[in-house]
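Just so it is clear, the structure is predicted and the values come from calculations on it, not from any experiment.
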Amino acid sequence: MTMRGRPLLALLFALFLGFAAPAQADREPLGTFQQWGAFRENNYCFAIAEPERSLRAKDWKPFASVAWWPERGARGQVHIRLSRNKREGSAVLLRIDERSWQLVAGGNNAWAPDARADAEIVAAMRRGIDMTVETRSDRGALVRDYYRLRGAATAIDAAAVACARVS
């Protein structure tokens with residue numbers, strides 16, 4: 001890991017200490033890959049990134065993640081934490097380059113609607129350049145969180161390999 005990657009890893013690690021507070025001591029950084037990081041926590045592994053541009057949330061940090069829970073049979077599950085609570089009835093659209101998916105969402109969280117969509121999104125993340133997540137906030141404002149996908153494929157691989165070792 002280069003010196004340039006160490007500050008980002010430290011930032012990602014500090015940012016996600018609150019991700020699952022009771023198990024903080026068990027979180028293991030797997031690496032930093034451009035804008036993405038990979039972590040293992042007990043039997044759960046994930047690749048994760050903060051948006052490059054987003055509205056600033058007051059009570060939480062927005063992120064995009066791809067996770068593995070071998071014990072639950074979940075592999076490559078996409079989860080987005082929005083920068084704002086979404087307005088009831090508003091769609092949440094995820095765009096990677098020229099492709100779009102409608103996510104299932106509630107409050108400030110969004111997921112792919114099924115395992116097939118998870119696989120399609122992860123495949124697009126692996127070869128894509130940019131990703132945006134868009135909706136309307138509970139106050140009606142446009143919410144657009146923008147992610148760079150540099151390093152996403154490597155972080156996704158690191159998380160998948162780490163959890164393949166535990167299963």
Side-chain angles (χ1 to χ4, degrees), residues 1-54 57 60-83 92 94-97 99-101 103-106 108-133 145-167:
M1 180 182 326
T2 66
M3 284 301 289
R4 185 176 172 169
R6 288 177 194 249
L8 180 59
L9 180 60
L11 173 67
L12 284 171
F13 189 69
L15 176 67
F16 300 107
L17 281 177
F19 195 60
Q24 287 178 12
D26 296 331
R27 181 166 295 124
E28 174 190 354
L30 301 171
T32 303
F33 311 96
Q34 303 290 329
Q35 286 87 0
W36 287 75
F39 296 86
R40 175 180 28 223
E41 186 173 305
N42 299 324
N43 292 330
Y44 165 71
C45 305
F46 57 100
I48 193 161
E50 288 184 272
E52 189 161 291
R53 291 191 311 254
S54 71
W60 64 86
K61 302 259 186 207
F63 62 81
S65 68
V66 179
W68 285 259
W69 283 289
E71 292 174 349
R72 297 181 186 180
R75 301 168 69 185
Q77 188 173 52
V78 175
H79 174 217
I80 307 294
R81 170 80 42 87
L82 302 165
S83 58
V92 176
L94 181 143
R95 287 190 183 91
I96 298 175
D97 300 333
R99 193 127 186 248
S100 297
W101 293 265
L103 302 180
V104 175
N108 64 349
N109 293 290
W111 302 268
D114 54 39
R116 179 178 176 194
D118 276 326
E120 290 174 1
I121 293 167
V122 170
M125 289 171 79
R126 296 176 67 73
R127 62 181 182 273
I129 296 170
D130 297 312
M131 179 173 81
T132 58
V133 181
D145 297 337
Y146 175 79
Y147 296 84
R148 293 271 187 203
L149 293 173
R150 290 179 99 182
T154 309
I156 289 166
D157 289 345
V161 167
C163 266
R165 289 190 207 135
V166 241
S167 54

Evaluation steps, side-chain contact (heavy atoms from CB on, under 4.5 Å), between Leu149 and Trp36: CA-CA 8 Å; Leu149 293 173; Trp36 287 75; 3.9 Å; yes
Pairwise distance OG1(Thr132) to CG(Asp97) - rounded to 0.5 angstrom: 9.5 Å
Test item: Trp101 and Val133 side chains (from C-beta on) under 4.5 Å apart, heavy atoms: no
Selection residues 62-79 - residue pairs positive for salt bridge (Lys or Arg N to Asp or Glu O under 4.0 Å), sequence neighbours left out: none
Option among Leu82, Val78, Ile121 that satisfies the side chain to side chain contact (heavy atoms under 4.5 Å, CB included) test with Leu103: Ile121
Distance (rounded to the nearest 0.5 Å) between Arg95 CZ and Ser100 OG: 4.5 Å
Separation between CD of Glu120 and CG of Leu94, rounded to the nearest 0.5 Å: 11.5 Å
Nearest heavy atoms of Met131 and Ala64, plus distance in Å: CE-CB, 3.6 Å
Leu30 to Ala158 - nearest heavy-atom pair and separation: CD1-O, 3.8 Å
Contacts of Arg127 that satisfy salt bridge (Lys or Arg N to Asp or Glu O under 4.0 Å) - sequence neighbours left out: none
Partner residues of Trp111 under the ring-ring contact (aromatic ring centres under 6.0 Å, His included) criterion, sequence neighbours left out: His79
Donor-acceptor contact below 3.5 Å, side chain Arg150 vs main chain Gln34: no
For Asp130, all residues meeting salt bridge (Lys or Arg N to Asp or Glu O under 4.0 Å), sequence neighbours excluded: Arg148
Least distance between heavy atoms, Ile96 atom then Gly128 atom: CG2-CA, 4.1 Å
Residues forming a side-chain contact (heavy atoms from CB on, under 4.5 Å) with Thr154, sequence neighbours excluded: Phe33
Interatomic distance, Asn108 atom CG to Ser83 atom OG [nearest 0.5 angstrom]: 9.5 Å
Interatomic distance, Lys61 atom NZ to Glu50 atom CD [nearest 0.5 angstrom]: 6.5 Å
Partner set under salt bridge (Lys or Arg N to Asp or Glu O under 4.0 Å) for Arg126, not counting sequence neighbours: Asp157
Atom pair CD (Glu28) and CD (Glu41), whose distance is rounded to the nearest 0.5 Å: 11.0 Å
Which atom of Ala159 lies closest to which atom of Ala38, heavy atoms considered: N-CB, 4.2 Å
Which residues share a side-chain contact (heavy atoms from CB on, under 4.5 Å) with Ala67, sequence neighbours left out: Tyr44, Phe46, Trp69
